[in-house]
2 protein chains.
Amino acid sequence: MIKIALDGMGGDSAPGVIVEGAVEAVNEFGYDIILVGQESILKKELAKYTYDAGKIVIEHAPQVVDMGDSPVASIRAKKNSSVSVAVNLVKEKKANALVSAGNTGATVCAASFNLGLLKGIERPGISIVFPTSNKGNALMIDAGANIDTKPIHLFQYGLMADAYCKFILGKQNPRVGLLSIGEEKTKGTGFVKEGHKLLDDSKINFIGNIEGRDIFTGGCDIILCDGFVGNVVLKVAESLAGAVSTLLKRELSRNLFTIWGALLCRSTFEALKKELDYAEYGGAPLLGINGTCIISHGSSSARAIKNALKVADKFTRQDVNKHIIDGLGQYSGREMHGKKEER
Amino acid sequence: MIKIALDGMGGDSAPGVIVEGAVEAVNEFGYDIILVGQESILKKELAKYTYDAGKIVIEHAPQVVDMGDSPVASIRAKKNSSVSVAVNLVKEKKANALVSAGNTGATVCAASFNLGLLKGIERPGISIVFPTSNKGNALMIDAGANIDTKPIHLFQYGLMADAYCKFILGKQNPRVGLLSIGEEKTKGTGFVKEGHKLLDDSKINFIGNIEGRDIFTGGCDIILCDGFVGNVVLKVAESLAGAVSTLLKRELSRNLFTIWGALLCRSTFEALKKELDYAEYGGAPLLGINGTCIISHGSSSARAIKNALKVADKFTRQDVNKHIIDGLGQYSGREMHGKKEER
């Protein structure tokens, strides 16, 4: 049976929405959850709901990492924080996966230090799969795990994402694009230009620089970027989906004809909103970690937490890491560092 | 009479769409345009249209900066390129403004070197004003002029944008946000954290870090970011507006009810598309230049060029630079560099 460790104290509205999301996941999907955090607080929250009590057990963790805490320092100073205890449950194989909506940097640090990274990978990256306007999907990495990104990290994200796309998304020869501000390889920061060179020399199907406007059109299967840019892109996309919804409502209520039209289109708008609503995804896998770690938004709702638990369950069942490890197996140590094989 | 120098050779579809846009602007608004580029080619293009021949004069420029050219090198090597000649027309006061859809980096270099920068400003920034979902607007700077951004540039963008918002957009006390990946001042790259400190110590109404999701909600009036991130954000927003339009069309043609609804809503969708369509803006002012310089997309259509000429005309008529210079006048040289006044 799959067991998921859930950071009960991480997130802007923790522990309220976290506990609510856990209960929803138990009631809807029957998951087994280890809720990690301050026992008395979590107990009080859980008491508000009706659920199969055997499905949620509490693991006490006295400390909490705050959203504003420095990641590395907080992980060192708070060894008994909810996120560190959750990571250790995975390390000790008491849980198969962990989910946290807390301080992203702290979760990334705790998972990297305590679970370790896959062989040859130097930094983990958050990967998001989203729908594209040509009815396909695309994977973006990194959506915010690592903002001190080096070109070699971009390159290694490419190798991991390539394996993920082949084995999990079933794409034969995924097209890999590097996010920049112009198609020409002369465009972009020094960081992007160096990344371009490493990718150009690699075995993966690198199609060159792409621009912001290419992300959602389906012109490539994998979008590589540093964690700062990826995080901004993700949040812009989410907010625009919301803004479009608001604008439509406003525009559509302007006159009787459009109100009538809006009523007729309502089911359509619901479908559209769902397709563009990233909260629907709930959480995103932190690729590169030697274990399953799902990162949720700090502003996650109970529904987002429920869906993040779903992602954790699926990631574990699909044995994603095994596929990535197999995919990376074709590269030598030199190649993992962007160097050609010596003859 | 306002005269606008238009780079006839810059842009992915130059000179075709550039000339077409110039003719449209002349026929629609009666502008006076100096079309800069290879005379024989431009003449041939112009011969396709009917317009008041006195309103478009050609200024011959034998060289062209390509989209892939290195900005600094190309401006040095091609002194007679269309963009350099257009800049010189402004310098010699033969034109009031220039518009280019060519290599952005080259235009920024040519304008910075030949027209110079406003007193105390170290780098120019592309400023975009876009609608927000609360029926207001917001200004983002930099949308791609300067990708080698330093914290002091961010800070100076803030001062310029503050003056722009006060005098041109009529906002009393514009709220200035710094784009990062979390609200807390501990979040973001070293670059962002340093920028945060400079802004915190300044006279402007700095509200702290904002995230990608806050850009389009109207939570702040000014969004500060480096040119790489700003360019990506802008292009993501444009493409999502397009994607939403495509998705809507697809969803709305699913069944008879929604087709009927779509017909009733058509006028609404047109309004919505227009509101989100950044090509409607045509071009964006390069703030900080001692002169008027409007930057258009490389992929500009004739309509976008027409609208960019409109921006140039408006920027000149409103005497934007005078207002910015007045606004900056309240800061001492020390303050322009983020330092407190000595007592």
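Computation of the quantities below employed the complete heavy-atom set of this structure, encompassing side-chain atoms and omitting hydrogens, waters and symmetry-equivalent molecules. Keep in mind the model is a prediction, meaning the values are calculated, not measured. Per chain, numbering begins at 1; letters A, B, ... match sequence-line order.
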Q.
Would you say that more than 12 heavy atoms from the other residues, nucleotides or ligands in this model lie under 6.0 Å from the NZ of A/Lys193, or not?
A. yes
Q.
In the structure I gave you, are the side-chain heavy atoms of B/Val232 and A/Val232 within less than 4.5 Å of one another anywhere?
A. no
Q: Please examine the side chains of A/Asp69 and B/Thr186, heavy atoms only from C-beta on, and report whether any two atoms are closer than 4.5 Å.
A: no
Q | Interatomic spacing from CZ in A/Phe228 to CG in B/Leu179 - rounded to 0.5 Å | A | 5.5 Å
Q. Going from NZ on A/Lys187 to OG1 on B/Thr104, what distance comes out if it is rounded to the nearest 0.5 angstrom?
A. 6.5 Å
**Q.** Salt bridge present between A/Glu211 and B/Lys235 (N-O < 4.0 angstrom)
**A.** yes
Q.
Exactly one of A/Val233, A/Val229, A/Ile181 should register a side-chain contact (heavy atoms from CB on, under 4.5 Å) with B/Val229. Which one does?
A. A/Val229
Q: Against chain B, label A/Ser70 side chain, backbone, both or neither, depending on which of its atoms sit under 4.5 Å from a heavy atom there.
A: neither
Q.
With chain A as the partner, which of B/Ser299, B/Gly227, B/Cys225, B/Ser180 has the greatest number of non-hydrogen pairs under 4.5 Å?
A. B/Ser180
Q) A/Val236, A/Val192, A/Asp148, A/Asp214: which one forms the most heavy-atom pairs within less than 4.5 Å of chain B? A) A/Val236
